[in-house]
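Here the structure comes first, spelled out in structure tokens, and everything after it is commentary.
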Amino acid sequence: MSAATHKRTASGENVPRWPRTLDFCVACFAATSVDPRPVPDAKKLRRLWLKARMEERGVLHLKKPRPEYIADQADLSQALSALYEHAGAPPLREVQANAGGSVHLPLSTLARIVSRETLPADERQLLAFLTGCGLHDQAQQRKWSRAWAKVTLPKLTSADVLHALYEQASEIVHESV
């Protein structure tokens with residue numbers, strides 16, 4: 001890291017990106033300690049960085065989204081945006097790369113999801129978004145998938161089911177005649 005980058009990072013004018021913050025802390029810790037560990041309690045440092053990043057973006061008030069409480073498409077849109085913010089609002093290209101590239105999550109779609117203009121088009125896109133935001137836990141991803149399915153898949157009424165059953169029964173009767 002250059003001297004100018006160190007100076008900007010230490011200035012406190014803004015919250016630098018996570019890799020730069022980590023590099024800065026490693027350099028400072030290495031200069032003041034003989035401990036061979038890179039950074040003491042890096043998880044705590046990451047949590048503090050995420051809070052600082054959210055405060056800088058004015059979204060510190062956002063609660064961590066819970067997919068089991070999602071009731072409609074607006075809830076899902078807000079929850080996905082909050083998930084992105086809780087990930088530190090990384091650059092969209094970084095989210096895309098973490099998601100597996102543009103094949104899985106196009107940059108334009110990602111930008112529209114983050115800005116709450118659209119929802120993921122399918123479950124594959126949803127899972128790519130979750131992965132891109134750092135949510136790798138399979139159990140949590142299943143909860144998000146259920147929430148996505150609940151609010152995006154068409155809902156059948158009992159009349160729809162009865163109509164479909166009638167159509168199938170009619171086909172069977174006509175085939176047997």
Test log, rule side chain to side chain contact (heavy atoms under 4.5 Å, CB included), inputs L45 and L22 = CA-CA 8 Å; L45 179 62; L22 186 58; 4.1 Å; yes
Would you find more than 12 non-hydrogen atoms of other residues, nucleotides or ligands less than 6.0 Å from Q78 atom CD?
-> yes
Are L153 and V151 joined in one hydrophobic group, where the rule is that I, L, V, M, F, W and Y side chains link up if heavy atoms are under 4.5 Å apart?
-> yes
Point-to-point distance, once rounded to the nearest 0.5 Å, from CD1 of I113 to CG of L80 = 7.0 Å
List the steps, then state whether side chain to side chain contact (heavy atoms under 4.5 Å, CB included) holds for W144 with D137.
-> CA-CA 11 Å; W144 281 94; D137 182 279; over 6 Å; no
With a cut-off of 6.0 Å (strictly less than), are more than 12 heavy atoms of other residues, nucleotides or ligands near CZ of R46?
-> yes
Work out which heavy atom in L83 is nearest to a heavy atom in L130; give both atom names and the distance.
-> CD2-CD2, 3.4 Å
Please check if the side chain of S77 supplies one atom and the backbone of Q73 the other of a donor-acceptor pair under 3.5 Å.
-> no
Going through the checks in order, is the side chain to side chain contact (heavy atoms under 4.5 Å, CB included) test met by R146 and R142?
-> CA-CA 6 Å; R146 283 194 295 273; R142 281 192 297 276; 3.9 Å; yes
Criterion side chain to side chain contact (heavy atoms under 4.5 Å, CB included) on Y84 and L110, from CA distance to verdict = CA-CA 10 Å; Y84 169 77; L110 174 57; 5.7 Å; no
Which heavy atom in A128 sits nearest to a heavy atom in A99, and how many Å separate them?
-> O-CB, 3.0 Å
Pairwise side-chain contact, H86 with P65, heavy-atom cut-off 4.5 Å (strictly under) | yes
Mind listing the closest non-hydrogen atom pair of T118 and T109 along with its distance?
-> CG2-O, 4.3 Å
Residues V114 and S81: closest non-hydrogen pair is O-OG, 3.3 Å
Here the gap from K7 atom NZ to E13 atom CD, rounded to the nearest 0.5 Å, amounts to 10.0 Å
Give a yes or no on whether the backbone of V15 and the side-chain of E56 come within a donor-acceptor separation of less than 3.5 Å.
-> yes
Could you give the distance from OG1 (T21) to CG (L48), rounded to the nearest 0.5 Å?
-> 11.0 Å
In Å and rounded to the nearest 0.5 Å, what is the CG to CD distance from L107 to Q96?
-> 5.0 Å
When rounded to the nearest 0.5 angstrom, what distance separates NZ in K51 from CE in M54?
-> 9.5 Å
Heavy-atom neighbours of R57 CZ exceed 12 at 6.0 Å = yes
Can you name the closest pair of heavy atoms from P16 and W49 and give their distance?
-> O-NE1, 2.7 Å
Yes or no on side-chain hydrogen bond (donor to acceptor under 3.5 Å, both in side chains) for Q141 and T131, after CA distance, side-chain angles and deciding distance?
-> CA-CA 9 Å; Q141 286 188 351; T131 302; 3.2 Å; yes
To the nearest 0.5 Å, how far apart are CD1 in I70 and CH2 in W148?
-> 12.5 Å
Which pair of heavy atoms, one from S145 and one from L126, lies closest together, and at what distance?
-> CA-CD2, 3.8 Å
